[in-house]
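For reference, the structure discussed in these notes is given below.
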Amino acid sequence: MSTTTRDAERGVAIAGEEPNLKAVHRGRGRVLRMVLLGVFVIAAAIVSLGIGPSPIDPATVLRILWWGATGWGDPETWATAQQTIVLDIRLPRVLVGLLAGAALAATGATLQSLVRNPLADPYILGVSAGASTGAAAAILFGTALFATSLGLAASAFVGAAVATGIVLLLSHAGGRPTSMRLLLAGVTVGYLLQAGTSFLIFASDTAEGARSVMFWLLGSLAMSSPSSLGVMAVVIVLGIAVLIGSARGLDALDLGDETAETLGIRPDRLRRRLLLLSAALVGVTVSVVGAIGFVGLVVPHLARRAVGSPHRILIPTAALLGAGFLVVSDVAARMVLVPQELPIGIVTALVGTPLLVRHVARMRDGAV
């Protein structure tokens, strides 16, 4: 074989390897960012356990957590009050915040792909409004059964599922459902259910109940308790796992319904399934922490900038980022007006608005 022929073959081989090498480096970069993000979330959770009216240093927090998990350690090295604060008061709150932030962000990333619109989130598609109406009805007019965390979660899920069902029915009106029809139907149902929630508050005969609902509608982790963790953890962990398992279908939807069908994906069936799953995730989240905005809207965009758009890595990245974002926001909500506590929805809006504006300013024409 001549030298020229060998050089030509080597050039073809190198040209074929370059895209593969780029893909490998890109994949390693995404994994590294996810690892760093996971470290940040863990660090934020540990620090948040020590921040409050009674501050506790991170080293003591770690010793208390290790003792609580394994039974190893010397309880004499910390005060009993510190142990109670960390394990009984702040730990359930932080765990609920991690789960809620992960659920809202992962759901937001999913909904934005389902309707192929960067403004889609649980609020805009009416899912949060439905969950809020169901939970508000349970708080104001429910029996003792609905006053429990499980009853409230069930009411919120029913409200979210009903809202999702109405959105699906409206999107089918006049023909095959499209992304635009889903979005318009969601906005319509959301406004309707917001009016319904306002009517329930107006019709309530207890000022304290109405005040509780109004505070709850702005979102708060103050209502977190160990009893709310069980159902919430199971639904959210399994739900996010299913969303990650649906990554191939979501990637196909990003290319358009016709392209998805050629790849063996049935867009209508996938949308129905994932919308109902989103209703479950949002319903159980809203029932515990209230209606917290901006997490499902802003965080998915930040995740896309960090790791790109493939959903097998976008969804877990959004979940991690949402978990950390909500825990940090909760610290701000607790500390800004001590001893009073701000609704966390105010903090997420104050932080999320400039982030969204910055994202919009950096978008290219036609970009998501």
Side-chain angles (χ1 to χ4, degrees), residues 100 103-104 107-108 110-112 114-115 117 119-143 146-147 149 151-174 177 179-206 209-220 223 235 239 271-272 274-297 343-346 348-349 352:
L104 292 173
T107 302
T110 301
L111 294 176
Q112 287 170 8
L114 287 180
V115 300
N117 190 297
L119 294 179
D121 77 335
Y123 264 91
I124 292 178
L125 287 181
V127 182
S128 287
S132 298
T133 302
I139 293 173
L140 295 172
F141 303 104
T143 62
F146 291 99
S149 58
L152 193 60
S155 300
F157 169 70
V158 169
V162 169
T164 303
I166 297 173
V167 169
L168 288 173
L169 287 175
L170 290 177
S171 67
H172 280 78
S179 299
M180 183 56 67
R181 281 178 178 166
L182 273 174
L183 189 63
L184 292 175
V187 171
T188 302
V189 171
Y191 277 120
L192 176 64
L193 290 174
Q194 286 175 21
T197 302
S198 299
F199 174 77
L200 290 176
I201 296 173
F202 180 78
S204 172
D205 57 357
T206 60
R211 185 179 181 279
S212 299
V213 172
M214 289 301 298
F215 185 85
W216 176 82
L217 286 174
L218 292 173
S220 174
M223 299 169 284
V235 173
R271 283 195 178 95
R272 284 195 297 269
L274 293 185
L275 279 173
L276 288 174
L277 178 57
S278 298
L281 289 171
V282 173
V284 72
T285 300
V286 169
S287 71
V288 177
V289 302
I292 300 175
F294 273 90
V295 180
L297 177 60
I344 195 172
I346 294 177
T348 56

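- Residues A129 and G190 share a closest heavy-atom pair of CB-O, 3.8 Å.
- A donor-acceptor pair is defined here as one N or O able to donate and one able to accept, closer than 3.5 Å; such a pair exists between the side chain of T348 and the backbone of G293.
- We find the OG1-CG distance between T107 and L277 to be 7.0 Å, quoted to the nearest 0.5 Å.
- Separating the CG atom in L200 from the CG atom in L140 is a distance of 6.5 Å, to the nearest 0.5 Å.
- Among all heavy-atom pairs drawn from V167 and G186, the shortest one is CG2-CA, 3.8 Å.
- G239 approaches L281 most closely through the heavy-atom pair CA-CD2, 4.0 Å.
- The shortest heavy-atom contact between G283 and A156 is O-CB, 3.1 Å.
- Put simply, CG on L169 and OG1 on T164 are 11.0 Å apart, with the number rounded to the nearest 0.5 Å.
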| request: Could you give me the CA-CA distance, side-chain angles and deciding distance for R181 and L170, then say whether side-chain contact (heavy atoms from CB on, under 4.5 Å) is met? | output: CA-CA 8 Å; R181 281 178 178 166; L170 290 177; over 6 Å; no
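- When atom types are taken as modelled, the side chain of Y123 and the backbone of V187 share no donor-acceptor pair closer than 3.5 angstrom.
- Here the CD1 atom belonging to I344 is positioned 4.5 Å from the CD1 atom belonging to I292, to the nearest 0.5 angstrom.
- Rounding to the nearest 0.5 Å places CG of L168 at 6.5 Å from CG of L276.
- Within the 4.5 Å cutoff, the side chain of Q112 has heavy atoms near those of the L297 side chain.
- Across all their heavy atoms, A163 and G130 have their closest contact at CB-CA, 3.8 Å.
- The minimum heavy-atom distance between G296 and P122, with the atom names listed, is CA-CD, 4.3 Å.
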| said: L111 vs S278, test: side-chain contact (heavy atoms from CB on, under 4.5 Å). Steps then yes/no. | reply: CA-CA 8 Å; L111 294 176; S278 298; 3.8 Å; yes
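- Residues S220 and V289 are not in side-chain contact: their nearest non-hydrogen atoms beyond the backbone lie 4.5 Å or more apart.
- Judged purely by atom type and a 3.5 angstrom limit, S132 has no side-chain atom pairing as donor or acceptor with the backbone of A291.
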